[in-house]
Every structure is written in C-alpha cells, then in structure tokens.
> 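Okay, handing you the structure first.
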Amino acid sequence: MNILFFHHNFPAQFRHIAQYFASSKDNSVVFISEHTRSDIKITGVKHYMVKAAPPKTVESASLQEFNMQLWRSEAYANALLELKKKGFKPDIIYDHPGWGSSLFVKDVFPDIPYVCFFEWYYTKGADYSFWRDANERPPSHFAQNRIRNLCQLNALSDCNAGITPTQWQRSTYPVEFKHKINVLHDGINTDYFSPAKSSEKLVISGIDLSNASEIVTYVARGLEPYRGFPQFFRSLPEILNKRKNCHIVLMGEDCTKYGEKRTDGKTYKELMLEDVPVDRSRVHFIGFRPYDEYRKLLRASSVHVYLTAPFVLSWSMLEAMSCGCLLVGSDTAPVREVIKHGENGFLFNFWDSKQLSKVVIEALSKQKSFSKIRENARRTVLEKYDLSKLLPMHESVILSALKCSSRD
C-alpha cells in the first residue's frame, strides 16, 4: 500500500505512525514537508522537501497570512504533481492541514481516500481570548487566526476521517464536522519515558546537580506566556526561600513559539530576569536538549510544573507523568482532561503564582507521602496514552477511510 504523509514539519505528530506503516515491507511511505529535524530519520520513509516563500510585502498581517496559505498550498500541490509524474499514486493520504498545505489535495488526487490530523481550530473563548486584555483588542487582531481556519474548513469538508489528540482539542471544532473527528492521542513511548530503575544523579548541559536534594523542573518549547513561563518564574523566589536545598531547571528555547512576541524586542526570559530577583546559582536554564538528556531531567525531577493556556496539550506533560513525575499543573481545560487533583497530580490557578509556590512547596515537603500520586500519574499514561496501544487504533481509523471512500 502507498501511504502519503504531508505536514509543515517532519516528522512532528506523524513520527510514530509513519514509522509504524514503514515497518511493513508491503507499504511504501512518502513524507512531504516544508521543514525538518535533521536529527531524526525514519527507516523506510522517503522524505521530500518543499519550499513555500512568497515575496515580502507591506500588506496587512491577515492578508500576508492568507497569501502564505495559498503559496504553501500551491507548493505542496506542485510536489504532489511531481510525485504523480514519477508514477507514485497514493492509496491513502494523511495530512496536517493547519498551515494551509492541503487546499489542492483533492484537485491532484480527487479519488484518493483522505485523512486529516486536526490539531487546533482557533475559536473565540479559547487560547487567544484567554488573556486578560482580550476585550481591549481590535477585531483585526483576530483576523490571522480566522485565516488559519480557512484551510482547515476545506479539509473538514474534503476528508473521509479526522484525528485529534484530546477531547479538548476536538471541542474547538465546528459542531457540523465533529462527527468526522476521532479522539486519539499521538501516543507516548512509555517504555522509553519510564521511571529510573535506580536513583540517578543529574549532570546536564554542564550543570552538576548531583548533590541537589530537590529539583523542580519546567519544560516548554519556548519560554512564553502560552505555556505560563511568566507565572512560573514569579513563583520561584518563594519556592527558593522556603526550600533552601532546591534547584530549579528550565528546559526550553529563549523565544516565543506560540502567541505574540514582545513589541519591545525583549524575550520573556530577559523580562523575567529583570523583574524577578532569584538566586541564579539555583536557577538553571538549559535550552533545548536531546531526548536522552530530557528524559534524564524528568527522571531526576522532584516536582514537575506544567502550565498552559487553553490550547494544545504538550507531549511533555504526559512524558513527565510517564516518567513518574509528581506533577503540578495549571487548572485549565487541556490539563483538567488528564489531571485529577490529588489523584494523579495537583492543579492550581494559572494566574496565581503565589498559589503555585504554595502547591510546589507542599509537594516538595511531602514527596514520600505522595508516591501513590506518582504511580497514578504513570498509570494514567499507560492506560490512556500508551503508544503501543494507540498505534493500531490510528491504523484502524486511517484504513477506515479506504472503506468510506469505496462507498462514496
């Protein structure tokens, strides 16, 4: 069977399912993307790159977004046409339409079964209106996000089936299309992300924390408001003051991955270091690290803190739980779907840094009595998010599109 994946990034959410299909000698797997991670290769997957870069203009941000979506769709359509000329005809297509790559899929391959990964639909009341100044923003501020929904609406209409990772993410999509969307998480490799078999000393990124008795960890792609970095950082002085042997380790890039950058040119890390006095000998920024070092960090964690606005749930929260971390998470919709307060983790008000400090300090002081919560955290991932269980379910949904198409 010929399976065609395309996505803005390689391999992103398709890493495991592409590898799963490619592991069968009966399948031919092709992956098209605009960006790639050079450190990841998937055996048996033919990977092609496209370039989509419209000329710079002085148009409004919303018009630039609209043009970018059209340019990207055309670039991917041209790549599909090239594959078609070379004799490759997919039996099924699995696409992430969120960046506008899929607008012309059905024009190139009108009869091919089509499955979409629906990650996020921009909806008023969720992510971008979560911030306190939302009512002060002009309508033009939201225009870009509305444009980003257009290609998804096209995909929702065209696809035979859809997949989204969580019930929360599914809830953001228009009710008219929800019947097409299956809730299946990408899956967590629980064999890899597992508790350490014996106690490990943490030496990472040139930092030796072998003698640290308490380590609070925080992980995000970018140190930004969407993942609650400012709220977390404001909680640190009280934690450091009350727990004299505690060290804080933050893993993430000093940039904004989601939401808007600051207009003054500063990063949020720079702002927080200026505004919030902390003992820098006990607060460690380690940037973005390879998987083995990332797992080492989670395994050494005394308390792991995760915050998010009402937005896409990060893999890192579930990977931390799979490692048996004592999790403290923001009381926001995507986190509440997984965390039950006092059972498999603890919740706190996203906006309340003082409450966060209090919860972390209590968790540190009662670590031994909270061992059951760590066990429950891992059990939650084993039961609901384990990769080995979810991959066959993904395969079933994807292949079901073949049956749907045959009935059309």
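Positions are given from 1, in the same order as the sequence printed here.
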> Quick check: do Leu156 and Ile181 have side-chain heavy atoms less than 4.5 Å from each other?
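A side-chain contact under 4.5 Å exists here.
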> Taking all non-hydrogen atoms of both residues, which atom of His96 and which atom of Phe14 are closest, and how far apart?
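Taking every non-hydrogen atom into account, N-CZ, 3.8 Å.
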> Do Tyr48 and Glu82 pass the side chain to side chain donor-acceptor pair (under 3.5 Å) test, and can you show the C-alpha distance, the side-chain angles, and the key distance before you say yes or no?
CA-CA 11 Å; Tyr48 299 96; Glu82 284 299 313; over 6 Å; no
> CZ/Arg234 to CG/Leu356 distance, rounded to the nearest 0.5 angstrom?
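Answer rounded to 0.5 Å: 12.0 Å.
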> Please examine the side chains of Ile17 and Phe117, heavy atoms only from C-beta on, and report whether any two atoms are closer than 4.5 Å.
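When only atoms from C-beta onward are counted, Ile17 and Phe117 do not touch, as no gap falls below 4.5 Å.
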> Test ring pair (Phe, Tyr, Trp, His ring centres under 6.0 Å) on His247 and His284; report intermediate values, then the result.
CA-CA 8 Å; His247 283 253; His284 312 279; 5.2 Å; yes
> Do Gln152 and Tyr121 have side-chain atoms, one donor and one acceptor, less than 3.5 Å apart?
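Result is no, nothing qualifies.
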> Judged by atom type as modelled, is there a donor-acceptor pair below 3.5 Å linking the side chain of Trp168 to the main-chain atoms of Phe311?
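Side chain of Trp168 to backbone of Phe311: a pair is present.
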> Please determine whether a side-chain nitrogen of the Lys or Arg among Lys354 and Asp352 lies less than 4.0 Å from a carboxylate oxygen of the Asp or Glu.
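Salt bridge between Lys354 and Asp352, a charged N being under 4.0 Å from a carboxylate O: no.
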> Closest approach of Arg295 and Cys323, non-hydrogen atoms and distance?
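The answer is CG-SG, 4.4 Å.
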> Check the angle between the aromatic planes of Trp120 and Tyr122 and answer parallel, tilted or perpendicular using the 30° and 60° thresholds.
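Trp120 and Tyr122: perpendicular rings.
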> Tell me whether Glu224 is salt-bridged to Lys257, with the criterion being a basic N under 4.0 Å from an acidic carboxylate O.
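Here Glu224 does not pair with Lys257 in a salt bridge, since their nearest N and O are not under 4.0 Å apart.
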> For Arg221 and Tyr258, which I'm curious about, is there any donor-acceptor pair between the side chains at under 3.5 Å?
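A pair is found: one side chain offers a donor N or O, the other an acceptor, under 3.5 Å apart.
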> Determine whether more than 12 heavy atoms belonging to other residues, nucleotides or ligands lie under 6.0 Å from atom NZ of Lys178.
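Yes, NZ of Lys178 has more than 12 neighbouring heavy atoms, counting only those of other groups under 6.0 Å.
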> Verify, without hydrogens or angle tests, whether Ser33 (side chain) and His35 (backbone) share a donor-acceptor contact under 3.5 angstrom.
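Here the side-chain-to-backbone pair exists.
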> Once rounded to the nearest 0.5 Å, what's the spacing between atom CG of Asn349 and atom CD of Gln231?
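The CD atom of Gln231 is 9.5 Å from CG of Asn349, to the nearest 0.5 Å.
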> Will you find, in the side chains of Ser102 and Asn154, an N or O donor that is under 3.5 Å from an N or O acceptor?
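The criterion, which ignores hydrogens and geometry beyond distance, is not satisfied for Asn154 and Ser102.
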> I need the minimum non-hydrogen distance between Ser357 and Ser235, along with the two atoms involved.
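Between these two residues, the closest heavy atoms are OG-O, 2.9 Å.
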> Nearest 0.5 angstrom please: Leu70 CG to Glu65 CD, how far?
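Spacing of CG (Leu70) from CD (Glu65) equals 10.5 Å.
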> Determine whether Thr217 and Met251 satisfy the following criterion, side chain to side chain contact (heavy atoms under 4.5 Å, CB included), listing intermediate values before the conclusion.
CA-CA 8 Å; Thr217 54; Met251 176 178 153; over 6 Å; no
> Strictly under 6.0 Å, is that where the ring centroids of Phe31 and Phe10 end up?
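Yes; Phe10 has its ring centre under 6.0 Å from that of Phe31.
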> Under 3.5 Å, is there a donor-acceptor pair between the side chain of Glu270 and the main chain of Thr267?
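Here the side-chain-to-backbone pair exists.
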> For Phe346 and Ile339, work out which heavy atoms get closest and say how close.
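Heavy atoms only, the tightest pair is N-CG2, 4.1 Å.
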> Applying side chain to side chain contact (heavy atoms under 4.5 Å, CB included) to His185 and Leu318, what does each step give before you reach the verdict?
CA-CA 11 Å; His185 194 269; Leu318 296 173; 3.3 Å; yes
> Looking at Val108, is its backbone amide N or carbonyl O close enough to the side chain of Lys84 to form a donor-acceptor pair, meaning the two atoms are under 3.5 Å apart?
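A pair under 3.5 Å: yes.
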> Which pair of heavy atoms, one from Glu119 and one from Tyr173, lies closest together, and at what distance?
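Looks like N-OH, 3.3 Å.
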> Roughly how far, to the nearest 0.5 Å, is the CG atom of Asn182 from the OG atom of Ser396?
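Spacing of OG (Ser396) from CG (Asn182) equals 9.0 Å.
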> Specify the closest pair of heavy atoms between Leu202 and Ala300, including all atoms of both residues, with the distance to one decimal.
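Minimum heavy-atom contact is CB-CB, 3.9 Å.
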> Between Tyr268 and Phe229, is a ring pair (Phe, Tyr, Trp, His ring centres under 6.0 Å) present by the stated rule, with each step listed?
CA-CA 8 Å; Tyr268 285 96; Phe229 168 68; 7.7 Å; no
> Look at the side chain of Arg378 and the backbone N and O of Thr190, then say whether any donor-acceptor pair between them is shorter than 3.5 Å.
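A pair under 3.5 Å: yes.
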> Do the non-hydrogen side-chain atoms of Tyr218 and Leu307 ever get within less than 4.5 Å of each other?
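Yes, at least one pair of side-chain atoms sits under 4.5 Å.
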> Using the rule ring-ring contact (aromatic ring centres under 6.0 Å, His included), only one of Trp99, Phe6, Phe109 pairs with Tyr76; which is it?
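Per the ring-ring contact (aromatic ring centres under 6.0 Å, His included) rule, the option paired with Tyr76 is Phe6, out of Trp99, Phe6, Phe109.
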> Hey, is the main chain of Ser194 close enough, under 3.5 Å, to the side chain of Arg299 for a donor-acceptor pair?
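Flag set: sc Arg299 to bb Ser194 pair under 3.5 Å.
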> Please examine the side chains of Cys246 and Ile361, heavy atoms only from C-beta on, and report whether any two atoms are closer than 4.5 Å.
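SC-SC contact between Ile361 and Cys246 ruled out.
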> Got a second to check how far Cys159's SG is from Asp95's CG, nearest 0.5 Å?
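Between atom SG of Cys159 and atom CG of Asp95 there are 9.5 Å.
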